[in-house]
Amino acid sequence: MNSTAMRTHMCGELRDAHIGSTVSLCGWVARRREHGEKLAFVDLRDHSGIVQCVVDNDVDVRSEYVIRVTGVVRARPEGTVNANLPTGTVEIGDCQVEVLNIAEPPPFPVDQRADEVDEGIRLRYRYLDIRRERMQKNLRVRALVNSAIRREMESNGFLEVETPLLMPSTPEGAREFLVPSRKEPGSFFALPQSPQLWKQLLMVSGIDRYYQIAKCLRDEDLRADRQYEFMQLDAEMSFVSQDDVLENIGRAVVAAAKAVTGEEPPTIQRITWLEAMNRFGVDKPDMRFGMELVELTHVFSGTEFKAFAGAESIKGIRVDAKVYPDAAASGRNKLDALTDRAKKVGAKGLVWIKVGPDGTVESPIAKFLSEDEIRSLVTAMEAQSGDLVLIVADNWDTTCEVLGTLRNDIGRPPVHEGPYAYVWVTEFPLFVGVDPVSGTPRPGHHPFCHPHPDDISLFDTDPLKVRALAYDLVLNGWELGSGSIRIHEPELQRRVFNLLGISDEEADKRFGFFLQPFRYGAPPHGGFAFGIDRLTAILAGEENIREVIAFPKTQSGADPMTSAPTPVENSHLAELGLRLLPPPATS
RNA sequence: GGUCCCGUGGUGAAGUUGGAGUUCACGCCGGCCUGUCAAGCCGGAGGUCGCGGGUUCGAGUCCCGUCGGGACCGCCA
């Protein structure tokens, strides 16, 4: 399969079994070791690996020259086997070397040492960076993920349908990239944040099970886990319950993980949003480690301590001295830093308690607590001597969020470290908070999420308590993706819009092209989408999705290799009916 | 929009409380070398210390600004 007109084998595949065969190999010069005019060792590299070629005639080859070597595979002489190379028991002898192309010295070593090179430089010369084993591996992991997902989705009856990149702008959600229209100056296409609207229309169209490995584009600030453009497995199913969606998407994730690691990943756990918040303080819990939030409100129900008295929610986390000896032994400076961190996240303050031997405690607030309270606290926290307990008393949201943040700060391992902890988070709230201007609830996911059928009665009385048939998939504390059962009944959709403060007319104006088809018979349906880049990064052992993207952007949204984005000629703009504003004045 | 970290030959790093023409390793160029494998030995070239301004007798070092890279907050329905 690997042989071509120019080569018979790949460098990395040669083993003892090939000894005696004459081979032709093509690749790049990884290194050369010269021993005078009549002996040189050339390490030849292609994507499969490296093999040593012994050259006993005078050839001038240098790093990254592209060469073709023809010679005979032979066993290495006694004592010269290289255990560090998979091909280390053999070498290519009697080499005829043909230089196919010369090369300038590369700006950085094209091997593991480039892991230490500034990422901006790696990106400027990405085509060289990708020659390295690490990037070759990562891109191949990515391809495995994609092909496993395709195979699994298709074997489960999903049909791949491609959807447009050029679509109307919709004001909701993430900031869009705009594409000016040449034929209609002043009008614009938007690039899709996701194929959300298209896939729901495909359900109306009777496609039944749709999937696509789709490019999504969002003009939001970049992060280790966020790029302007990213890939999602996007899927939608008709006549399903939430369980149907979770099972099918779960199979695709499992298939991808298995394709990469060779092992069946652990069962994907399920947890409700409420439980996730109560136990982990976040809606994307990293379940690889403990330090769960402990409910303490009842412990201090009759307390004299002002900061605790009457607090809606009091919770604590225990920093186990056996697991986190450094954090548990934090001195005053570190504790102050933790307090600052807690305040930045929204807490009024942070109470710390160091547990000593025999139930003694050390804390700035110890004198305000009764012995009973201290005893109950230590018992509730299951605290041992040396442990550090951190307590927040506030409204429920703040208490959860602050402790969830501190828990992650103190205990969270790098995202790519095992074990893999997949979890479905279900029953997200339909609305999150209230718009400060209009006073109406804000959608938690998007306005087409189906409310939990048990909660419809709360619509008029307590809308913020309404749960949605919405769910996230979380891996090691990263949100891989989310989905929901959608509203297919126009009447229910109108009720949700009205709660959101969107009138019928306004809904029609904003989402008309999307809502009108639903009048022609929309099946009950639901779906999901998860990020291929994030899943691939974790499976590849990387903590940054740039490492699994061939040509990513930097955090500032630029490409150091192509210099994009670049200015364009005024004539180019004029053709699109555009003119630039003067640059903003700098004071 | 904000907080924090980084920027010194091609690459990675060192450079003390501000003090001579910045140092080291790798790489590069030349020479030697027949069993190396990050080969070895000898010699050589290569710098706007990101950029601009300020403080100072004197700035890689201190201050301000700016550009670039990174982590995070906001943002990502």
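Residue numbering restarts at 1 for every chain, and letters A, B, ... go by the order of the sequence lines.
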Student: Looking at the rings of A/W424 and A/F528, which for Trp means the six-membered one, are their centres under 6.0 Å apart?
Tutor: yes
Student: Has A/Q112 got a side-chain N or O lying under 4.0 Å from the OP1 or OP2 atom of B/rA38?
Tutor: no
Student: If you pin A/D118 and A/P560 to their nearest nucleotides in RNA chain B, which one's is more 5'?
Tutor: A/D118
Student: Where the side chain of A/R113 is concerned, which of B/rA38, B/rU36, B/rC28 is the nearest nucleotide?
Tutor: B/rA38
Student: Centroid distance below 5.5 Å plus an interplanar angle below 30 degrees: do A/H35 and B/rG35 meet both conditions?
Tutor: no
Student: Going by 5.5 Å between centroids and 30° between planes, is there a stack of A/F41 over B/rU36?
Tutor: yes
Student: Can you check whether any acceptor in the base of B/rC29 is under 3.5 Å from a donor in the side chain of A/R62, or vice versa?
Tutor: no
Student: Answer with yes or no whether A/E91 presents, from its side chain, a donor or acceptor under 3.5 Å of a partner atom in the base of B/rG35.
Tutor: yes
Student: Kindly say if A/R226 contacts the phosphate of B/rA71, meaning a side-chain N or O under 4.0 Å from OP1 or OP2.
Tutor: no
Student: Quick one: which of B/rG35, B/rC37, B/rU11 gets closest to the side chain of A/R76?
Tutor: B/rC37
Student: Does OP1 or OP2 of B/rC28 have a side-chain N or O of A/S63 closer than 4.0 Å?
Tutor: yes
Student: Here's a test of your reading of the structure: between A/D43 and A/P107, which maps to the more 5' nucleotide of RNA chain B?
Tutor: A/P107
Student: Which part of the nucleic acid does A/E34 contact within heavy-atom distance under 4.0 Å: base, sugar-phosphate only, or nothing?
Tutor: base
Student: Check for me whether the distance between the ring centres of A/H18 and A/H9 falls short of 6.0 Å.
Tutor: yes
Student: Is the phosphate of B/rG68 approached by A/S556 (side-chain N or O, under 4.0 Å from OP1 or OP2)?
Tutor: no
Student: Should A/H416 and A/E547 count as side-chain neighbours, where that means a heavy-atom distance under 4.5 Å?
Tutor: no
Student: Rounded to the nearest 0.5 Å, what's the gap from CG on A/N476 to NZ on A/K284? Could you check?
Tutor: 12.5 Å
Student: Closer than 4.0 Å, any side-chain N/O of A/T554 to the OP1 or OP2 of B/rG69?
Tutor: yes
Student: Mark yes or no for a side-chain to base donor-acceptor pair under 3.5 Å between A/D221 and B/rG74, with no hydrogen or angle criteria applied.
Tutor: yes
Student: Does the side chain of A/R33 get closer than 4.0 angstrom to OP1 or OP2 of B/rU36 through an N or O atom?
Tutor: no
